Amino acid sequence: MAVIAMVSAKCSPGVTTAVAALATVWPHRLLVVDADPTGGDLLTGWGGAWLVDGRLNTGCGVVSFAASTRHLQAVPSEGLAGHVQEIPGLEHVRLLAGVASRAQAAAIGDAGWQRLASATRDLSREGPDVLIDAGRWASDTPWPLLGEADLVLVGLRPNLRHLTAARPLISVVRELVPITRLGVLVTVTTSREADRVAQATGVPVGVELPDDPSAARFFSDGIGGHPSHRCALLRISRTAALRLHRSLTPPDTAVAPGVVEVGVA
């Protein structure tokens, strides 16, 4: 199935919010990987309430995975077992929680990210899709994960500040992946504004998400109750998730029953 990575230049365009919203309505089994080297927010933000009540914990994630596989070069999907957690109420979603600090990311290093890339790629061959939050572009960006992705989406909002920040990142990513595997994630936008972003960057729109502050606060910070599935953010996320899954999944792919138990059960 598909491996999709999202990364941003700066300015907090809403990549983490987009990952959580898309995961909620994803049409297939899904592993969400928080690979933000500056400190993952999916567990403490989107998953904050479940973390407080004990249904999620900080002990399982990329740090425990990297530590347990440190003597290996390549890791099969089974290496993810014991490091992922089920998101309460979303039986189709598993989370590999992120680092708590840059020091933890430094300890993982390129070798650790490469092991994780091999495990997620192996997992995607067995059935589940993989959605990666790679955080903001920095010297410690997890490039092995982006290099293995079927699609890399650069996140930004439709304004000059975000466009200016995103252009250098797009140039760097184009050296890593072909243009056919590159797109932009435009948040807090309309379709017309997203089209203008595509024209300005020379990169097609992979996902466009609307301005829906109330729903966004839940997915970014866990504030308020779970948004209605009829809210604008989830309605459009559902359409985008289905399109991404279908466009990146070979039409003749057959998934054997029970393969989700391998590595991400």
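None of these values were measured; they are calculated from a predicted model. These numbers come from the heavy atoms of this one structure, side chains and all, not from hydrogens, waters or symmetry mates.
The line from CG of Leu151 to CG of Leu248 is 5.5 Å long, rounded to the nearest 0.5 Å. For the atom pair OG (Ser247) and CG (Leu242), the distance works out to 9.5 Å, reported to the nearest 0.5 Å.
No donor-acceptor contact under 3.5 angstrom links the side chains of Asp110 and Trp143, judged on distance only. Judged by distance alone, the side chains of Glu148 and Thr120 never bring a donor and an acceptor atom under 3.5 Å apart. His229 and Arg235 are not linked by any side-chain donor-acceptor pair at a separation below 3.5 angstrom, with hydrogens and angles left out of the test. In this structure, a donor-acceptor pair under 3.5 Å is present between the side chains of Thr16 and Asp133. No hydrogens or angles considered: a donor-acceptor pair under 3.5 Å links the side chains of Arg136 and Ser12. Side-chain polar atoms of Arg115 and Ser118 form no donor-acceptor pair below 3.5 angstrom.
Proximity of Arg174 to Ile179: side-chain heavy atoms (C-beta onward) are separated by under 4.5 Å at one or more points. Looking only at side-chain heavy atoms (C-beta outward), Val188 and Leu209 stay at 4.5 Å or farther from each other. You'll find the side chain of Val186 stays beyond 4.5 Å of the side chain of Arg157, heavy atoms only. No side-chain heavy atom of Trp26 sits less than 4.5 Å from a side-chain heavy atom of Ser237. Residues Leu43 and Asp34 have side chains not in contact (no heavy-atom distance under 4.5 Å, counting atoms from C-beta outward). Side-chain atoms of Thr17 and Arg217, non-hydrogen and from C-beta on, never get closer than 4.5 Å to each other. Using a 4.5 Å cut-off on side-chain heavy atoms (C-beta onward), Asp211 and Thr189 make no contact. Between His226 and Thr24, the closest side-chain pair of non-hydrogen atoms falls below 4.5 Å.
With respect to Arg102 and Asp140, a salt bridge is recorded, a charged nitrogen being found less than 4.0 Å from a carboxylate O.
With Asp36 contributing its side chain and Gly135 its backbone, the two residues share no donor-acceptor pair below 3.5 Å. Of the possible polar contacts, none joining the Asp221 side chain to the Ile223 backbone as a donor-acceptor pair under 3.5 Å is found. Without hydrogens or angle criteria, Asp129 side chain to Met1 main chain gives no donor-acceptor distance under 3.5 Å. Checking side-chain atoms of Gln114 against main-chain N and O of Gln73 turns up no donor-acceptor pair under 3.5 Å. Looking at Thr190, its side chain does come within 3.5 Å of a backbone N or O of Glu193 through a donor-acceptor pair. No donor-acceptor distance shorter than 3.5 angstrom exists from the side chain of Arg55 to the backbone of Val52, with no hydrogens or angles considered.
For Arg243, the CZ atom is densely surrounded, since the number of other residues' heavy atoms within 6.0 Å is greater than 12.
Taking the six-membered ring where tryptophan is involved, the planes of Phe219 and Trp46 are tilted, since the angle between them lies from 30° to 60°.
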